[in-house]
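Let me begin by presenting the structure, written as structure tokens, before commenting on it.
Both counts, for ligands and for their atoms, begin at 1 and track the order of listing. For reference, positions follow the sequence shown, starting with 1.
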Amino acid sequence: MSLRMLGLLILVFLLHDVVSFCTDNPLVLDPPKVIRQYGEEAIVNCTSTDIIPAEMYWTNEMNEKVAEVEEYLHYVLWKVSLSDWNVKARCNISLNEHDKCSKDLEITIYKNPDTVTVSAVTHGPVMEGETYKLRCDIINVAPVQNLTVRWYKDHQIIKTDFFTNKTKTPVNESSTLTVNISKRENGVQFKCEALMDIGPPTPVTSNTHSVSVHYAPELNNQTADLYVREGNDVPLTCEAEGEPSPSFYWTCDGMTMSESTNSLIIPQVNTSATYTCTATNYLGNITKQIHIHVIRNTMTSPATTMTSLVASKPKSCLITLMPPKLVVRFGDQVSVNCTTSATNISEMGWEASVGATGMKNSSWVTWMVEKLIYWTVQPMCFVNLENGVQCFESPAITVYKNPDTVTVSAVTHGPVMEGETYKLRCDIINVAPVQNLTVRWYKDHQIIKTDFFTNKTKTPVNESSTLTVNISRRENGVQFKCEALMDFGPPTPVTSNTHSVSVHYAPELNNQTADLYVREGNDVPLTCEAEGKPSPSFYWTCDGMTMSESTNSLIIPQVNTSATYTCTATNYLGNITKQIHIHMIKNLVPKGPEPVPTTTSAPYTADAHGEPNKTVSAVPWWLILLSIICILLAILVVIVTIAYKNSKKRGQYSFINNNIPLSKFEDAKA
Ligand SMILES: *[C@@H]1O[C@H](CO)[C@@H](O)[C@H](O)[C@H]1NC(C)=O
Ligand SMILES: *[C@@H]1O[C@H](CO)[C@@H](O)[C@H](O)[C@H]1NC(C)=O
Ligand SMILES: *[C@@H]1O[C@H](CO)[C@@H](O)[C@H](O)[C@H]1NC(C)=O
Ligand SMILES: *[C@@H]1O[C@H](CO)[C@@H](O)[C@H](O)[C@H]1NC(C)=O
Ligand SMILES: *[C@@H]1O[C@H](CO)[C@@H](O)[C@H](O)[C@H]1NC(C)=O
Ligand SMILES: *[C@@H]1O[C@H](CO)[C@@H](O)[C@H](O)[C@H]1NC(C)=O
Ligand SMILES: *[C@@H]1O[C@H](CO)[C@@H](O)[C@H](O)[C@H]1NC(C)=O
Ligand SMILES: *[C@@H]1O[C@H](CO)[C@@H](O)[C@H](O)[C@H]1NC(C)=O
Ligand SMILES: *[C@@H]1O[C@H](CO)[C@@H](O)[C@H](O)[C@H]1NC(C)=O
Ligand SMILES: *[C@@H]1O[C@H](CO)[C@@H](O)[C@H](O)[C@H]1NC(C)=O
Ligand SMILES: *[C@@H]1O[C@H](CO)[C@@H](O)[C@H](O)[C@H]1NC(C)=O
Ligand SMILES: *[C@@H]1O[C@H](CO)[C@@H](O)[C@H](O)[C@H]1NC(C)=O
């Protein structure tokens, strides 16, 4: 007790000023802030730094004393229970009735979510190309501003969500995800994960949600050619994919067949035929055509092997094609030499829609067409060996055609304003194959864009390439053109017409004001060199009065007053004004014998801050100086004369004495 009294006494001495007690708060809280999970407890310690107080205690949210300092101690402990979201802890200290102080403990209570669930907002099947919405519900989490929600697509994070609601108590929140659905998303698994910033990281993960995307049947190859020996069995397949799984039906040369599976076997073929397979589901259908080409057994070999299906190529054929690959211009001659190094040849020949040779007893056969007028030719060289093995090889033939014409035209019509974008189109007419076409855009002589095409069509097509340019004044008169070039053959680019752009802009002037110093009576030419597109029209005012002139220059005859002329240049896009201040300089020296030097009609086009020419000032300075010197000389002569007369009168004066007035006179002269 006496110790506490002593502390009090010291304090009364030290801190008789009430204000100063709490400005340097003597309370220290340990821990300084509490971050705990809901339902836990925390022990908090409030210490008075340098005095033993009269009273010191913790209060709760009801301002009730919940723990008081014990005698002789300078700290007070309290075990806070964090099962109330509104819990508050404040440490109060008082020395006497006036000197009181308190400190609040910062408490953050958090709670991990109870559950996290993903569900679809959009119901029903998902079509390709649609957007799909998913929702993640996070139940019973606090404080929501420290919650992070992550969306996963398979194992990749694709979205992260945060919340800004400042509520401290538990809430239910949700995050939505919008995805564009393509076929690739079929079977992809989405999930979300909730994680608090606070406390040990304990992410709560949702269920996974997988998407089933519905799409129409699709096929890799829509046509196929099979070369089959007569009498063989041919398996046909139609590997269409779709969701829901497609159902199939078949036709043979247009006649519906009874099969409804995606593959079937045609036994012992003996005629060429076209089979079609259609795969269909509720979203659409697709058709595949399989052309079966039967190769007659010209040999007498009775039992050819079951699966000498030509589509599956034998390994070692010893066939050489010369050339193996060729590029032919449509309508040109073409030939390929097929040779074999096999020794036990029975016969060989070319099968083709044009230029077929039939089977020959030779070690080389040439396929030749004088004028190739087909876009797709697939000749095939067959070699039948004595042991019944059949080999075949096909050259890669590209039939091409240079474009007939290449034309540039503007997509955007009408005049082009500065700052706008401008679209040009290059049309390439009648070119094949378009995948080997390169289109180059030129701006004056510089290539600014190169375009390629991916369409796999083999026959001639019309294609176009567009160019978008940002138009500035510099593009005025610039020439655009395009050029079409095939990847192969001798480079024979086909160049388009040139297209030049005319850019419209409001009139502009280099200098908007000018000052002219002009001698009275001279003629002054005024000019207003505004540029604009379309060419501006002009009008003039003189001191505000409209003039009749409408040209970009005019001459003011015999100026007799200072005046301000304005010129306005205008076109449909805007106008600009130039002010020309004419400063007239009066002729002070009368026009007489001395001709006025220099400036007759040429105006003083001095720059804005320039001075008028010095020769213009009325009385020249040297004239004034000359007059002053003359006057002074006259006075000198008069004085000298008088002095001389005086010295003659008083002849008895000594020479030295006589000097005095002389020196005086010299002073006067100076
Ligand atoms: C409370 O703090 C005081 C001063 O820092 C210290 O002496 C005391 O041991 C602490 N009490 C507990 C229980 O931590
Ligand atoms: C604790 O101090 C605050 C001001 O700092 C005061 O409002 C409050 O009433 C005090 N509590 C008690 C129980 O004295
Ligand atoms: C909780 O979130 C708020 C607001 O984003 C932030 O200021 C605070 O530092 C966070 N708390 C923790 C412990 O991360
Ligand atoms: C925060 O959430 C609470 C409870 O869900 C709601 O009442 C309040 O309006 C929300 N505040 C804001 C700013 O969204
Ligand atoms: C959150 O959702 C749960 C279950 O759906 C419900 O019991 C609870 O009342 C909800 N809480 C709030 C703050 O809406
Ligand atoms: C489709 O055709 C290409 C070449 O035309 C071939 O490489 C590919 O194997 C074919 N795919 C199937 C499934 O037949
Ligand atoms: C296949 O689709 C086309 C349109 O894409 C439709 O006209 C035709 O009737 C469909 N055929 C079947 C059998 O579904
Ligand atoms: C084809 O090749 C054979 C063997 O190399 C050669 O003898 C023959 O002259 C060639 N024929 C043609 C038309 O080039
Ligand atoms: C034609 O273009 C295709 C696709 O770009 C390429 O694979 C092929 O080699 C080209 N043909 C020639 C002869 O360059
Ligand atoms: C390729 O071009 C042809 C003819 O212009 C067109 O019918 C076809 O749809 C195009 N194919 C692709 C994949 O663009
Ligand atoms: C415009 O003024 C600048 C200086 O202010 C000058 O150098 C230039 O020659 C003037 N241009 C014209 C066309 O008067
Ligand atoms: C010149 O342009 C201004 C706006 O830039 C417009 O208010 C004014 O009417 C125009 N004057 C003429 C003569 O076109």
Look only at the side chain of Asn25 and the backbone of Ser102, and say whether a donor-acceptor pair between them is shorter than 3.5 Å.
-> yes
Asp154 side chain to Gln156 backbone, donor-acceptor under 3.5 Å | no
Counting each atom of ligand 3 from 1 as listed, which ones have a heavy atom of Ile198 under 4.0 Å away?
-> 12 (C), 13 (C)
Need the list: ligand 8 N/O atoms against protein N/O atoms, distance under 3.5 Å, rounded to one decimal.
from	atom 1	to	atom 2	distance (Å)
ligand 8	2 (O)	Asn337	ND2	2.4
ligand 8	11 (N)	Asn337	ND2	2.8
ligand 8	14 (O)	Asn337	ND2	3.2

Residue pairs passing the ring-ring contact (aromatic ring centres under 6.0 Å, His included) test with at least one member in residues 320-344, sequence neighbours excluded, are Phe330-Trp375
Going by the atom numbers of ligand 4, which of them fall below 4.0 Å from some non-hydrogen atom of Thr167?
-> 1 (C), 2 (O), 3 (C)
Over-ring placement of Lys191 relative to Tyr152, 6.0 Å and 45° cut-offs = yes
Do Lys111 and Tyr38 meet the cation-pi criteria used here (NZ or CZ under 6.0 Å from the six-membered ring centre, within 45° of the axis)?
-> no
Apply the side chain to side chain contact (heavy atoms under 4.5 Å, CB included) test between Cys381 and each candidate in Phe392, Trp367, Trp350, Trp364; give the one that qualifies.
-> Trp350
Atoms in ligand 3 flagged as close to Asn146, the criterion being non-hydrogen separation under 4.0 Å | 1 (C), 2 (O), 3 (C), 8 (C), 10 (C), 11 (N), 12 (C), 14 (O)
His293/Tyr227 aromatic ring centres below 6.0 Å = yes
